Amino acid sequence: MSHARPEPEITSHKGARVPSPRDAVRGPEGTAGTEPLPAPHEGPSRPQRLPRLVTAIVFGLLCLAGFAIMANGLLGSVLVFFGEAVLSALMLTVVGVVGFWVLRRIRPVRSPSATFSFLALVWGMTAAVGLALVANDNLSAIWNTLGGLSFGGAWGAALTAPLNEELLKVIGVVLIAVIAPRVVRGPMDGFVIGSLVGLGFQLVEDFTYSMNVIAMQGGLDGTAAVVQTFLLRVVLTGLGSHWAMTAVAGTAVGLMVASGWRPGRRHGLRAALLLLTAIGVHWFFDSPIIEGFVGVLLKSLLAFLAAVIVYFVVRHTYRSRVRRALAEEGEELGMRRSAAMSLANRRGRRGELRHVAHPERPAVERRQERMVEFAEDRASEYRVPFRE
Amino acid sequence: MVEESETLRHARPRGPRGGWFPLGIAAAVVAVLVGGWTAVNAALPDSTPVTSGHSMMIATGSGHEAKLSFDEGWELHPGSSTAGQQYRLSKGPVRVQVSVVDPPERTSETELWEGMREVVRVGDPSASLTDPRPVTSESGAEGLTGALHSNESIGTATLFPSPNGGFAVESTATSGESGADLADAEKLLQSIRFDRTTGGS
């Protein structure tokens, strides 16, 4: 990527609003004496294409393998308790749709790519779950064999799931960051893509639990078992579960991406702390410390709070940077500073559009979109991911 | 501000770590977590012998605990067992799977058996249970038992509800296609007893 500072696309003298599409006609090739701005979606150079292609293939193969492992483990339960499985799947689909919408929506400025958001969800639902099944089975067996059944029963989950699951989930964010560098450019993107991976994992895990609970209740009244599982794992602990933990871990990947996978000591330490926080919160959740209803609530709340704190820190920094980038762009374009900065959020863009004549709105909207893209490009190039 | 921001820019050292490095790290992590744990688990013994005469507490709840007493030759497979929930045991060709279930309140023995008919089909779609007959353990606990048939094995299924119905111990014992040597398994399952726990109801 060029380190040259982007030049203004046009030299507009409009003061207060998003430049009109008529100005934009003077366009990228436009004004004499100014260097055209590179298109925001630059294709990968040839040396970058191969690792992306290989990563995409690895991503696809691991998703297929994970799905096969998961299906093999669940098929028996689904066939025997088919009605209950359909009920559970329907209830979780509603949660999934709402969660998918909310988690994409919490990204400030713009929602992330729909395609890669979906792929993040798919990774969580297939590769992460399937690979975690294998890893967890084996590591649990190791604890049971080495420490005995009592030790394994008490501490096995805490010493198994956090390590295996957090790493296998966050690998999805790493792979997406390699396949689509523009989708994961920094901590904010890492948080959102991570949360979507976690959501996918959470949905399948909840489904698996509901099937297991039916068997653990003797195969009787499966509908009640499904509803109980839903209440426990979605209503009671859903807010502080996998989406939250992987969001925190994904932020660490975002930090690594922002430093070109070469973090200095400070950023490396922050990334490590975030990953350890995700693992630590998961460990506490699965540990036998503070059990019972209150314990479960407290643990879930802690996971939720960890994600919320990380979110607001990252969001504040990201919004500040985008607004500054927009202010710079606006200055270069001759826009009013407040008008340019207002494009940093969805409502501001809609507000600016209202000032434009109806026939011109689609063109202005496209122009807003480009400005925001450039601003996000610029913002992602500012040094120091967490502080201005 | 523009000048100031210039000093903040140009920070990302784009280099050869753009793609292969994170992919390599991801592949290594998957290999360690999936292949590594599998290899370590495979290197460990699959089973541990259970001391003859040992009484193992397999379930507790609702003021009672369930115990099984072992004679010589039994082995526990800890990798396939979970304390308080599920135990896999073997003695020669005989395989015993013990599961602790928490049924809904006021579930009858017959209803438990009907539920068990479904649960055995989860692991093996060809598995089926015959109609049950009453069975009494050596300690006087009452339960149900019946034959288990599947394409792969022949065996028995047994269930014992805890005295107040808070939980039940369900077990299947198989021994290949012939169903021989099941007497040892039946003896083990007949050894079940439910004791009151301190402070229990």
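Lettering of chains follows the sequences in order, A, B, ..., and the numbering in each one begins at 1. Computed from a predicted structure; not experimentally measured.
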Distance (rounded to the nearest 0.5 Å) between [X] [atom1] and [Y] [atom2]:
X: B:L33; Y: A:T160; atom1: CG; atom2: OG1; result: 11.0 Å
X: B:M57; Y: A:L149; atom1: CE; atom2: CG; result: 11.5 Å
X: A:T145; Y: B:N41; atom1: OG1; atom2: CG; result: 6.0 Å
X: A:M216; Y: B:F167; atom1: CE; atom2: CZ; result: 13.5 Å

Check whether [X] gets within reach of chain A through its side chain, its backbone, both or neither, counting any heavy atom under 4.5 Å.
X: B:A26; answer: both
X: B:T48; answer: neither
X: B:S80; answer: neither
X: B:E114; answer: neither

Highest number of heavy-atom pairs under 4.5 Å with chain B: which of [options]?
options: A:L175, A:V54, A:D221, A:L79; value: A:V54
options: A:G152, A:G153, A:A135; value: A:A135
options: A:L139, A:T55, A:L168, A:V213; value: A:L139

Using non-hydrogen atoms and a 4.5 Å limit, figure out which bit of [X] sits close to chain B: side chain, backbone, both or neither.
X: A:I179; answer: neither
X: A:F151; answer: neither
X: A:S140; answer: neither
X: A:I142; answer: both

Looking at [options], which has the largest count of heavy-atom pairs under 4.5 Å with chain A?
options: B:M116, B:E111, B:H77; value: B:E111
options: B:L44, B:L159, B:L112; value: B:L44
options: B:T38, B:V119, B:V34; value: B:T38

Heavy-atom closest contact ([X] atom, [Y] atom, distance):
X: A:S77; Y: B:V122; result: OG-CG1, 3.4 Å
X: B:V101; Y: A:A215; result: CG1-O, 3.7 Å
X: B:G79; Y: A:A141; result: CA-CB, 3.4 Å
X: A:L220; Y: B:P103; result: CD1-CB, 4.2 Å

Please examine the side chains of [Y] and [X], heavy atoms only from C-beta on, and report whether any two atoms are closer than 4.5 Å.
X: A:L131; Y: B:V30; result: yes
X: A:W261; Y: B:I25; result: no
X: A:V80; Y: B:E118; result: yes

> Is atom CD of B:E138 surrounded by more than 12 heavy atoms (other residues, nucleotides or ligands) closer than 6.0 Å?
Replying inline: yes

> Out of A:V174, A:V170, A:L167, which residue meets the side chain to side chain contact (heavy atoms under 4.5 Å, CB included) rule with B:V29?
Replying inline: A:L167

> Does the side chain of A:N164 pick up a donor-acceptor pair with the side chain of B:W37 at under 3.5 Å?
Replying inline: yes

